[in-house]
There are 2 protein chains.
Amino acid sequence: MAKEPNTPLYKVLIDDLKRQIDDGRYKKGDLLPSENDLCKSYGTTRPTVRQALGELTRMGYIIRQHGKGSIVSEPKSGLGILSLKGSTAGVGKKSLRTEMLVKSKRMTWPVDFPYDLTEEQQEAGCIYLARLRYVNGLPTLYEETYITDIDLPRFTMHNVAKNSLFETLKKYHHVEIKEGEQKIWAVMAGNHIADLLSTNAENPIIHMKRSMQTNKRNLVIYSFLYCNTADYFIQDYF
Amino acid sequence: MAKEPNTPLYKVLIDDLKRQIDDGRYKKGDLLPSENDLCKSYGTTRPTVRQALGELTRMGYIIRQHGKGSIVSEPKSGLGILSLKGSTAGVGKKSLRTEMLVKSKRMTWPVDFPYDLTEEQQEAGCIYLARLRYVNGLPTLYEETYITDIDLPRFTMHNVAKNSLFETLKKYHHVEIKEGEQKIWAVMAGNHIADLLSTNAENPIIHMKRSMQTNKRNLVIYSFLYCNTADYFIQDYF
DNA sequence: AAATTAAGCTTGTATATACAAGAAAAAATA
DNA sequence: TATTTTTTCTTGTATATACAAGCTTAATTT
């Protein structure tokens, strides 16, 4: 597991606790160790521990209760794509298969790109990939992604299909999502999307446009997705 | 403006800065006063100021840049209902009109209510209201809300239509949203919803089910909404 | 035995401080 | 003048500490 050399302690704590929750070491309803206990374990002080617990709260991993402790919350179901950092913790993780329709390739930005691009972004070009996600064998989510081609050597080599895109970016390129914006519509599938998602053109489909800032300037990620919510739904915690 | 007597300083800061941004005192791209300046103005220290700025960042009001400052970010457009705390800052705020279809009334929970209720909630009953929101004259969003009827004396008296529901709850009942969950589908409007939103039954519509925990135990808010995204869309910052 | 009180845990808020690191402006150099 | 270096201002991370307030359990009292 390649790690940035000087990872802040509070981020180490976030990753550690998150992994233990994901792995089932802590289950729903369990109490995490108290803040003071965590201080001792990690040799730090409460403000640092609290910074980590605060972020885990925002991510929906725990709920904190004054006078009681940090309670591990509902394991995420649904597709979970609305929530930050693309933790595809949805539907049990095993029942989710991702197929790469367009392997990541370098190219120039499309002329009709719906977001404003800085000069630096224009010059850098982008990496494009298209994926189709199956939930329990049903093609449910089609996603096109554009990533500014800055500081991403040998990116196309890595297999983004297996791991989450965001995990790949974090692990191998130290790129992390900082903030973003998403727009949502309900649309009719149309012929192309209906074909991809094995449904009919008149079916209602969730359409989203997302842009995400990262810790690297000008490295912005855009994704356009179509989701068939006939059998599943999109879920999100805040 | 009724205020809880001992509002934490960092929340005062949040409200102050938020108001100044909403009022246009700080515009998009402007720099907020530096953390040290804010410390002096409010007679406090950086950790407290940073707690406030951190929450404003999460709310999408500012973007913080290492070495530069806190930049006031894009004013929210779209309907903004996906984001927490129902700040209906969407579409300019003036172009949004809310019509009360069912004035808030006390009742027992529906028998087919889709969420699990605790015994305390069952006993308490609920307050029900239904609203229709117009954006620039077009009926765009239909929302049904159920609130656990605990500690809300004279709630039905207040006019929830004008102010946001969440503002009313905060101002008069000291109820604040802590966390929540939302599920999203694309559905066909159907006759009933199509009638309310002045569209046809075959049109694709966003359907959401949301549950929100508050700072008061057992006081949970549920809302079910239908949104026509033909002319507008739902937006969300993270 | 039952109700009340107190003690001891927890998280919430806050102060005071220190150094690191990014960004921009000012000063020094070529 | 143009470039480089330095300085200064900014936010990021972290330690150490203090008291308030919510929750649970144990001790005390009735």
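Lettering follows sequence order; numbering is per chain, from 1.
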Student: Go through DNA chain D and write down every stem, that is, every run of at least three consecutive Watson-Crick or G-U wobble pairs with distances under 3.5 Å, as range with range.
Tutor: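 Stem list for DNA chain D: C:1-30 with D:1-30.
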Student: Output the rounded distance in Å from CG (A:D37) to P (C:dT10).
Tutor: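 Those two atoms, CG and P, are 6 Å apart.
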Student: Counting the benzene-type ring for Trp, do B:F113 and B:F224 have ring centres under 6.0 Å apart?
Tutor: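 Yes, the ring centres sit under 6.0 Å apart.
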Student: Any side-chain to backbone donor/acceptor pair from A:T48 onto A:T44? Under 3.5 Å, distance only.
Tutor: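 Side chain of A:T48 to backbone of A:T44: no pair is present.
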Student: Using atom CZ of A:R64 as one end and atom P of D:dA21 as the other, report the distance to the nearest whole Å.
Tutor: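 Whole-Å distance recorded here is 18 Å.
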Student: Counting only side-chain heavy atoms from C-beta out, which of D:dA14, C:dT10, C:dA23 sits nearest to A:N36?
Tutor: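 Of the options given, the side chain of A:N36 lies nearest C:dT10.
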Student: If I take atom CG in residue A:L13 and atom P in nucleotide D:dA14, what distance separates them, rounded to the nearest angstrom?
Tutor: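 So the two atoms are 10 Å apart, to the nearest Å.
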Student: Could you state the interatomic distance from NZ (A:K209) to CD1 (A:I184), rounded to the nearest 0.5 Å?
Tutor: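 Spacing of NZ (A:K209) from CD1 (A:I184) equals 12.0 Å.
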Student: Rounded to the nearest angstrom, tell me the gap between atom NE2 in A:H66 and atom P in D:dG22.
Tutor: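 These atoms are roughly 6 Å apart.
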Student: Classify B:L53 by what it touches in the nucleic acid, base, sugar-phosphate, or nothing, heavy-atom distance under 4.0 Å.
Tutor: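 Nothing, no nucleic acid heavy atom in range.
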Student: Would you mind reading off the distance between B:L56 atom CG and D:dT11 atom C1', rounded to a whole angstrom?
Tutor: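 About 15 Å, once rounded to whole Å.
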Student: Is the A:Y115 to A:Y146 ring centre distance short of 6.0 Å?
Tutor: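 No, they do not, as the ring centres are separated by 6.0 Å or more.
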Student: Does anything in residues 41-52 of chain A come within less than 4.0 Å of DNA chain C? Heavy atoms only, and list the residues if so.
Tutor: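 A:R46, A:R50 - these, ordered by number, are the residues of the stretch whose heavy atoms sit under 4.0 Å from the strand.
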Student: Send over the distance from A:L31 CG to C:dT10 C1', rounded to a whole Å.
Tutor: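 So the CG-C1' distance, A:L31 to C:dT10, works out to 10 Å.
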Student: Check whether A:S104 reaches the backbone of A:Y128 with its side chain - one donor and one acceptor, N or O, closer than 3.5 Å.
Tutor: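 Not at all, since once roles are kept as given, no pair shorter than 3.5 Å links the two residues.
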Student: Separation of B:E35 atom CD from C:dT15 atom P, in whole Å?
Tutor: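 These atoms are roughly 14 Å apart.
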Student: Can you list everything that forms a salt bridge (charged side-chain N to carboxylate O under 4.0 Å, His left out) with B:R25? Sequence neighbours excluded, please.
Tutor: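 Expected list: none.
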Student: Report yes if a side-chain nitrogen or oxygen of A:S34 is closer than 4.0 Å to either non-bridging phosphate oxygen (OP1 or OP2) of C:dT10; otherwise report no.
Tutor: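 Answer is yes, contact under 4.0 Å.
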Student: Examine C:dC9: is either OP1 or OP2 under 4.0 Å from a nitrogen or oxygen in the side chain of A:K68? Give yes or no.
Tutor: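 Result: no.
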Student: Any salt bridge between B:E35 and B:R64, counting N to O under 4.0 Å?
Tutor: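 Looking at B:R64 together with B:E35, the answer is yes, because their closest N to O distance falls below 4.0 Å.
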Student: It should be established whether B:Y10 places a side-chain nitrogen or oxygen under 4.0 Å from OP1 or OP2 of nucleotide C:dT13.
Tutor: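 For C:dT13, OP1/OP2 do have a side-chain N/O of B:Y10 under 4.0 Å.
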Student: To the nearest Å, give me how far apart NZ (A:K11) and P (C:dA20) are.
Tutor: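 Distance, rounded to whole Å: 19 Å.
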Student: Under 4.0 Å between a Lys/Arg side-chain N and an Asp/Glu carboxylate O for B:E143 and B:R210?
Tutor: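 Yes, this pair counts.
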Student: Is the centre of the B:Y10 ring less than 6.0 Å from the centre of the B:Y42 ring?
Tutor: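 Between B:Y42 and B:Y10, which both carry aromatic rings, the centre distance is not below 6.0 Å.
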